[in-house]
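Encoded as structure tokens, the structure appears first; notes follow it.
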Amino acid sequence: MRNSSFLLVAFLLMFISTVVVQAADDKKNPAPKPKPVEDDATNYDVWTPDPETGRQLAYCKSKGACYQKVLTCPAECPQRKPKKNKKQKGCFIHCGSKCEATCKWRRAKCNGYGALCYDPRFIGGDGVMFYFHGGKGRSFALVSDTNLQINALFIGNRPDGRKRDYTWVQSVAIMFDTHTLIISAKKVSQWDDSVDVLLVKWDGQEVTVPFEGDAEWKTNTGVREVLVERTDDTNSVRVSVGGLVEIDMKAVAVTKQEDKAHNYQLPSNDAFAHFETQFKFSNLSDDVEGILGKTYRPGYESPVKRGVAMPIMGGEDKYEVPKLTSAACNVCMFQKNPAGGLADV
């Protein structure tokens with residue numbers, strides 16, 4: 001019996017010493033930083049347009065299939081950023097696996113895959129339409145994956161006699177690596193589409209997206225290219241986070257016609273500026289979570305009721321986060337770095 005006790009104590013001491021040595025080794029050899037994304041569709045330099053045709057050229061720097069290739073915009077859309085995107089398609093440069101320059105509308109399609117518009121109405125990655133009401137002043141996880149978290153802040157109004165809030169998405173936070181990008185629509189009392197209401201923050205600091213020249217703000221984190229580019233004179237942007245997501249966003253107001261038709265009973269001193277958005281994702285995991293994210297899972301079957309005017313997706317308890325820049329929901333997967341300088345709107 002005494003020998004057995006001695007052997008047990010000796011084994012425990014050996015186990016503890018092994019754990020201590022391993023912990024010390026982990027401190028000496030921290031996990032390597034993420035490598036730059038090779039298939040980064042937005043990593044390119046814009047060259048001087050062809051002098052004969054005026055078509056813009058792009059030199060691809062992403063180290064994938066398109067590395068060091070020069071892409072030329074098609075004759076139908078010779079410019080990346082036509083001044084009036086409502087009337088003309090823009091040249092879309094893709095320096096990732098597609099390695100192509102194509103003509104596309106530079107605005108969200110509210111009936112397309114990955115759309116989030118109106119009050120709020122989603123089109124999932126499975127093509128199924130549903131509504132998620134949430135609640136005014138509350139934030140919810142749209143997407144939560146191992147390397148990406150996208151949250152939305154809902155604004156809204158609850159008229160007398162209603163059991164729930166009417167809601168819209170006023171801010172979107174995109175968290176990845178150690179960074180956070182926030183796009184918001186400022187609160188305004190009266191709507192004027194010629195007045196820009198966009199607010200952009202990078203790691204808690206407000207940044208300016210210029211109206212002239214390339215009309216874009218961008219940065220390279222050393223891991224991926226991040227780009228916010230204007231797609232119209234005001235209130236419309238395309239957000240690109242290399243290797244993760246691309247989002248078309250347009251700030252709009254709730255119109256008087258919508259207010260009357262749906263009996264929102266909105267106050268006269270708030271235009272309820274909100275976003276029409278469409279997401280396009282890259283490299284989501286098979287276990288991705290979130291109101292929208294889970295609809296991109298392989299074999300996903302939507303639980304919403306079909307054939308009704310307003311199919312509802314529940315799950316407020318699963319997807320609510322305590323603040324816009326938090327990844328702490330009941331099913332969230334993303335692990336943010338506390339040293340990333342995250343801050344609320």
- For the residue pair Ser139 and Asn151, confirm or rule out a side-chain donor-acceptor distance under 3.5 Å. no
* Asked: Taking the six-membered ring for Trp, is the centroid-to-centroid distance between Phe279 and Phe281 below 6.0 Å?
  -> yes
For the aromatic rings, using the six-membered ring if either is Trp, is the centroid distance between Phe130 and Phe122 under 6.0 Å?
yes
Report yes or no: does Gln278 contribute a side-chain atom to a donor-acceptor pair with the main-chain N or O of Asn111 at less than 3.5 Å? no
Between the OG atom in Ser184 and the NZ atom in Lys201, the distance rounded to the nearest 0.5 Å is 7.5 Å
* Asked: Is there a side-chain contact between Trp105 and Lys89, using heavy atoms and a 4.5 Å cut-off?
  -> yes
Short side-chain to backbone donor-acceptor contact, Ser144 and Met333, under 3.5 Å:
yes
SG to SG below 2.5 angstrom is the rule I want applied to Cys95 and Cys60. Does it hold? yes
Closest heavy-atom pair, Lys69 versus Cys99, reported as atoms and distance to 0.1 Å, is CD-SG, 3.8 Å
Sorted by chain and residue number, the ring-ring contact (aromatic ring centres under 6.0 Å, His included) partners of Tyr264 (sequence neighbours excluded) come out as Tyr166, Trp168, His262
| Any link between Val172 and Val200 through a network of hydrophobic side chains (Ile, Leu, Val, Met, Phe, Trp, Tyr) touching at under 4.5 Å? | yes
Review point. Taking the side chain from Ser326 and the backbone from Ala328, do they hold a donor-acceptor pair closer than 3.5 Å?
Key: yes
Residues pairing under disulfide bond (SG atoms under 2.5 Å apart) where one sits in residues 116-204, two or more places apart or in two chains, turn out to be Cys110-Cys117
Heavy-atom check, side chain of Asp259 versus side chain of Phe272, under 4.5 Å:
no
On a heavy-atom basis, the closest approach of Ala101 and Thr72 is CB-O, 3.5 Å
d(His94 NE2, Leu71 CG) to nearest 0.5 Å is 10.5 Å
Review point. Does the side chain of His179 come within less than 4.5 Å of Val226's, by heavy atoms?
Key: no
*Just wondering, are more than 12 heavy atoms of other shown residues or ligands nearer than 6.0 Å to OH in Tyr300?*
yes
For Leu266 and Val254, the nearest pair of non-hydrogen atoms, with its separation, is CD1-CG1, 3.6 Å
One should read off an interatomic distance between Thr102 OG1 and Glu76 CD, to the nearest 0.5 angstrom, of 11.0 Å
- Does Asp145 use its side chain to pair, donor to acceptor, with the backbone of Ser285 at less than 3.5 Å? yes
Taken to the nearest 0.5 Å, the spacing of Ile247 CD1 from Leu181 CG works out to 8.0 Å
Is there a side-chain contact (heavy atoms from CB on, under 4.5 Å) between Val195 and Thr234 once you walk through the steps? CA-CA 7 Å; Val195 177; Thr234 59; over 6 Å; no
### Task
Please answer: with hydrophobic residues joined when any side-chain heavy atoms are less than 4.5 Å apart, are Val245 and Leu284 in the same cluster?
yes
Here the pair of heavy atoms bringing Glu229 nearest to Leu227 is OE2-CD2, 3.6 Å
**Asked** What class does the angle between the rings of Phe132 and Tyr319 fall in, given that below 30° is parallel, 30 to 60° is tilted and above 60° is perpendicular?
**Response** perpendicular
Check: For Phe176, does its backbone N or O pair with a side-chain atom of Asn147 as donor and acceptor, under 3.5 Å?
Finding: no
**Item:** Donor-acceptor pair, side chain of Asp119 and main chain of Thr167, under 3.5 angstrom
**Value:** no
Taking every heavy atom of Met175 against every heavy atom of Thr325, the minimum-distance pair comes out as SD-O, 3.3 Å
**OP:** Indicate yes or no for a side-chain donor-acceptor contact from Gln149 to the backbone of Ala327 under 3.5 Å, with no hydrogens or angles considered.
**Re:** no
Carefully, step by step, assess Val128 and Arg306 under the rule side-chain contact (heavy atoms from CB on, under 4.5 Å).
CA-CA 9 Å; Val128 176; Arg306 310 291 181 88; 3.6 Å; yes
Exercise. Is a salt bridge present between Arg107 and Asp232, judged by a nitrogen-to-oxygen distance below 4.0 Å?
Worked result: no
(message) Has Arg238 got a side-chain atom pairing as donor or acceptor with Glu246's backbone, closer than 3.5 angstrom?
(response) no
task: Could you state whether Val209 and Val241 fall into the same hydrophobic cluster, counting links through intermediate Ile, Leu, Val, Met, Phe, Trp or Tyr residues with side-chain heavy atoms under 4.5 angstrom apart?
output: yes
- request: Assess the cysteine pair Cys77 / Cys91: is their SG-SG separation shorter than 2.5 Å?
  value: no
**Prompt:** What do you reckon, is NZ of Lys136 surrounded by more than 12 foreign heavy atoms closer than 6.0 Å?
**Reply:** yes
(request) May I ask whether Leu142 and Val321 are part of the same hydrophobic cluster, defined by side-chain heavy atoms of I, L, V, M, F, W, Y residues being less than 4.5 angstrom apart, directly or through others? (result) no
| said: Checking His274 against Phe154 for the side-chain contact (heavy atoms from CB on, under 4.5 Å) test, could you report, in this order, the C-alpha distance in whole Å, the side-chain angles of both residues, the deciding distance, and whether it holds? | reply: CA-CA 9 Å; His274 63 281; Phe154 287 35; over 6 Å; no
Closest heavy-atom pair, Asp126 versus Ser302, reported as atoms and distance to 0.1 Å, is OD2-CB, 3.6 Å
CG of Leu198 to NZ of Lys250, rounded to nearest 0.5 Å, is 9.0 Å
Q) Under 4.0 Å between a Lys/Arg side-chain N and an Asp/Glu carboxylate O for Arg138 and Glu320? A) yes
Problem - Asn157 side-chain N/O to Gln265 backbone N/O, donor-acceptor pair under 3.5 Å - result: yes
Output for pair (Tyr113 OH, Thr295 OG1), nearest 0.5 Å, gives 11.0 Å
**Report entry** Single-linkage hydrophobic cluster, 4.5 Å side-chain cutoff, Leu148 and Val288 together
**Finding:** yes
- Query: Between Leu116 and Val169, does a side-chain contact (heavy atoms from CB on, under 4.5 Å) hold up when you go through it step by step?
  - Reply: CA-CA 9 Å; Leu116 166 52; Val169 169; 4.0 Å; yes
* Asked: Does a side-chain heavy-atom distance below 4.5 Å link Val252 with Asn235?
  -> no
_Ser189 side-chain N/O to Asn269 backbone N/O, donor-acceptor pair under 3.5 Å_ = no
Grouping ILVMFWY residues whenever side-chain heavy atoms fall under 4.5 Å, the cluster of Trp47 otherwise contains Leu57, Tyr59, Val70
Q. Is there side-chain contact between His133 and Asp165, with at least one heavy-atom pair below 4.5 Å?
A. no
